[in-house]
Amino acid sequence: MQHVCETPLTIEGALAAQASGETSALELTEAALARAEATASLNAWALVDADGARAQAEAIDMRRAAGEPLGPLAGVPIGVKDQICTKGLRTTAASKILENFVPPYDATVVSRLRQADAIIVGKLNQDEFAMGSSNERSLFGPAFNPHDGTRVPGGSSGGSAAAVAAGSCVASLGTDTGGSIRQPASFCGVVGLKPTYGRVSRWGAIAFASSLDQVGPLGRSVRDVAAVYGVIAGHDPLDSTSLTHAVEAPNYAVDGSLAGLRVGVPQEYFIDGIEPAVKASVDAALGQLEQLGATCVPVSLPHTEAAVATYYLLATAEASSNLSRYDGIRYGHRTSESVSDIGALYAKSRAEGFGDEVKRRIILGTFVLSSGYYDAFYLKAQKVRTLIRRDFDAAFADVDVLATPTSPVTAFKVGEHVTDPLQMYLMDIFTIPSSLAGNTSLNLPCGVDSAGLPIGLQLIAPPLGEARLLSIAERLERKLGNWGGR
Ligand code: GLN
């Protein structure tokens, strides 16, 4: 199965083609809808809102014809991960417990997309409650990788990455708690940005682990991702952790070199078990950075080893608390069986509504927070999180950005790891530390392995370093040329 988009259209291209009259928002929307249908076997979409998308497009075309000013994403077809609330459009987080939830409001990121005149094509498949690295655990069934239909697209934002790679939307929104934008972007050969914690509003994004969750864009180029980021980033009074700093735009100096740039290469990220093709491709990308004038220097992030364990204590603790609201009374699926008391109603509703991985995490998180274990696990993990953040602070005292593989492997086969949670958790070994530190990082496609599967380079910048990060990535992207489905 080869589903990769053959005629990639970028945001810039879409805007220019509409401005010149070569195409219309409606035509772009029809093309995305047709592509979604032609690639339906990828199962990237949880819901395609064909009528809604057409109506939005017609309204934009009419406003253009009337000479009205249009927003920066006018007529650009965009998909939204099902973790993010969309007014009037079913939003399930790929869980049976939210199977019938139709939000009465848009998440802030979605209202900002609408204000920018983007076309919301529909909702994208994902792992249930964003827990997973393969998009195999979903109310909608697994999503598949456009580069090889027997393989996973990565997760949890698997649909967001697969749809962009396959061309059924120009860009998408995902969420990233421990790697869920970057890892699927790597597996599908697209660009994906995890913004600094607090940079993009979480209001209306269904909570998994609130101290880690961030919404971010996926697209076929750095410029596309930057364009969507520019629309969704910025202060939101509805999110108490939202940052108030101004959002800076990247600077794409036409023939800019990267002279003077210091790139740190963390030694702890080049471990045994990393696939040789991944290492070779990342090394080659580092070589290209040097050719552009950058200096690559080895750095150490000594607490990297503890990151996965720390993450699975903190993320599960937060998840167990966040997911307690789905009890069949306040929110979510309610059992139709007759029960003797309220406790049984909660238990039965939750047993029916949550999948196995979500249950595993609720149990683990409840244990981590339970009296007598709190200090030993939760508090200790918070302290280790601080050490991990300090590792990054120390590294950034000497270098501008860090460069690592995004994932130790390329896309694996559907079913390969689904019964082994530990193997699955290790998929995020290179993305989790940056999430714990709260800084910003992105995936940039940097090559393919011998089977043609995409390989991704992760670039990490200090908190609020998005503009710099995107500028550097864009420069490197031009040097590397196009890869994967782009
Ligand atoms: N794969 C990781 C997990 O399962 C990260 C998920 C995410 O970033 N949402 O928790």
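Hydrogens, waters and symmetry mates play no part in the numbers below; they use all other heavy atoms, side chains included. Order of listing sets the numbers, starting from 1, for every ligand and every atom in it.
Between M131 and ligand 1, not a single N/O pair is under 3.5 Å apart. Of the polar atoms of F208, none of the N or O atoms is found under 3.5 Å from an N or O of ligand 1, judged by distance alone. Among the atoms of K81, none of the N or O lies under 3.5 angstrom from an N or O of ligand 1. Checked by distance only, ligand 1 and G155 stay at 3.5 Å or farther apart across all their nitrogen or oxygen atoms. Close N/O approach between D428 and ligand 1 is found [any backbone or side-chain N/O within under 3.5 Å].
No side-chain donor-acceptor contact under 3.5 Å links T86 and R114.
A salt bridge does not link K96 to E352: none of the charged side-chain nitrogens sits closer than 4.0 Å to a carboxylate oxygen.
Of all the atoms in ligand 1, the ones that sit under 4.0 Å from a non-hydrogen atom of A130 are 6 (C), 7 (C), 9 (N). Short contacts between ligand 1 and Y312, defined as distances under 4.0 Å to a heavy atom of the residue, involve ligand atoms 2 (C), 3 (C), 4 (O), 10 (O). Close approach to S156 involves these atoms of ligand 1, each under 4.0 Å from a residue heavy atom: 9 (N).
Side-chain atoms of D176 and T431, non-hydrogen and from C-beta on, never get closer than 4.5 Å to each other. You'll find the side chain of F101 stays beyond 4.5 Å of the side chain of Y326, heavy atoms only.
Using 4.0 Å as the threshold, Y425 has no heavy atom nearer than that to any atom of ligand 1. At least one heavy atom of R361 sits closer than 4.0 Å to an atom of ligand 1.
In this structure, the protein non-hydrogen atom closest to atom 5 (C) of ligand 1 is Y311 OH, 3.3 Å.
Taking all heavy atoms of S180, S435, G132 into account, the minimum distance to atom 9 (N) of ligand 1 is reached by S180.
In terms of modelled atom types and a separation under 3.5 Å, the side chain of N135 and the main chain of Q126 share a donor-acceptor contact.
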Trace of the side-chain contact (heavy atoms from CB on, under 4.5 Å) decision for L453 with R151: CA-CA 10 Å; L453 299 171; R151 294 177 186 271; 3.6 Å; yes
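Y311 and Y425 have their aromatic ring centers separated by at least 6.0 angstrom.
Classified by interplanar angle (parallel below 30°, tilted 30° to 60°, perpendicular above 60°), the ring pair F377/Y373 is parallel.
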